[in-house]
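The structure appears right after this line, and notes come after that.
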Amino acid sequence: MSSRRSRSRQSSGASRISDDQIADLVSRLQQLIPEIRNRRSDKVSASKVLQETCNYIRSLHREVDDLSDRLSELLESTDSDSAQAAIIRSLLM
Amino acid sequence: MAESSSISNPDANSNLSRKRRKIEPKTPAGAPTETGRPRWQNDVEQQIYSLKLVDALCHLRRPDSAAATSRAVRNAADQVLAVSARGKTRWSRAILTGRLSLRLAHINKKHKKAAKRAAVGESRTKKPAVQKKLPPLEKKVKVLSRLVPGCRKVSLPNLLEETTDYIAALEMQVKAMTFLTGLLNGAVSSSAAAGGDSSLADRG
């Protein structure tokens, strides 16, 4: 921890953030990432959290791309009216 | 209606118009950082998003020119997501403004790159590589900042906050799109059976 503080002081030109703040935010990030949540959440280093975060965001992007692929195919085969009707019906029920 | 009230109150005119525009950001989400997650995990929020997304997608199909390419669907989904954020987060604003100035940005980048190459020779002598020793943590922070839209030059705590909100929003986007896909799958399979349903689709 002391080494981190000295580092942050050296590069504190733009950022005077306390270590605790960063630790707090990192722990919050930790809670969101399912991979880390399922393991022991106490001993995860910040670097691991950041790594998993990047991987998770990338996988979410990929999922969205996949889904939009499928949606575009489905949209071409249905007409918009029945699609909207189906959706509104399901949301109202 | 707004005009008549503003005419009767000429002094408060500008205030009224400003209040109207500023009312949305002043909504009782006093601590946006705390309500970040519950906001995106709300079922209602997801339903609203689904509806808006469908609307946007149907608008895509109307012109019939470029059809519904996957890229267009992705962009529409991102746009609707960004709009639902109501301008409170950096990534949402970046998505919304990025579209408008997409072409300009490309042109500007080209000019900047050309200018940089010309100036690099000088800058190398002036800045003797102070931050050559980037700790691996910083590298990951950089990668993360590239993944979250609009957060390349953001300080670390802000970046982490934006990330938490962005991840929650992305999860909602995935859920909503999965839901829509399932629905449309059902609609496609049942459209042959229920041919007369189009009469029910009255856009009221």
What residue in A/L60, A/D66, A/D65, A/L67 has the most heavy-atom pairs under 4.5 Å with chain B?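 Going by pairs under 4.5 Å, I would pick A/L67.
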Among the options B/R71, B/M177, B/Q173, B/R74, pick out the one with the most heavy-atom pairs lying under 4.5 Å from chain A.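 That would be B/R74.
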Under a 4.5 Å heavy-atom cutoff, which of B/T163, B/T181, B/V148, B/L180 has the most pairs with chain A?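 When all of B/T163, B/T181, B/V148, B/L180 are compared, B/T181 has the most.
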When you compare the side chains of A/Y56 and B/E171, does any donor N or O come within less than 3.5 Å of an acceptor on the partner?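 B/E171 and A/Y56 do have a side-chain donor-acceptor pair below 3.5 Å.
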Go through it in stages, so that I can follow the logic: the residues are B/L170 and B/W91, the test is side chain to side chain contact (heavy atoms under 4.5 Å, CB included), and I'd like the CA-CA distance, side-chain angles, deciding distance and then a yes or no. CA-CA 11 Å; B/L170 277 182; B/W91 60 263; over 6 Å; no
A/E63 (side chain) donor-acceptor with B/V174 (main chain) under 3.5 angstrom: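 Between the backbone of B/V174 and the side chain of A/E63 there is no qualifying donor-acceptor contact (under 3.5 Å).
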Could A/K48 and A/E52 be called an ion pair, given the rule that one side-chain N must be under 4.0 Å from one carboxylate O?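 Looking at A/K48 and A/E52, the cut-off is met.
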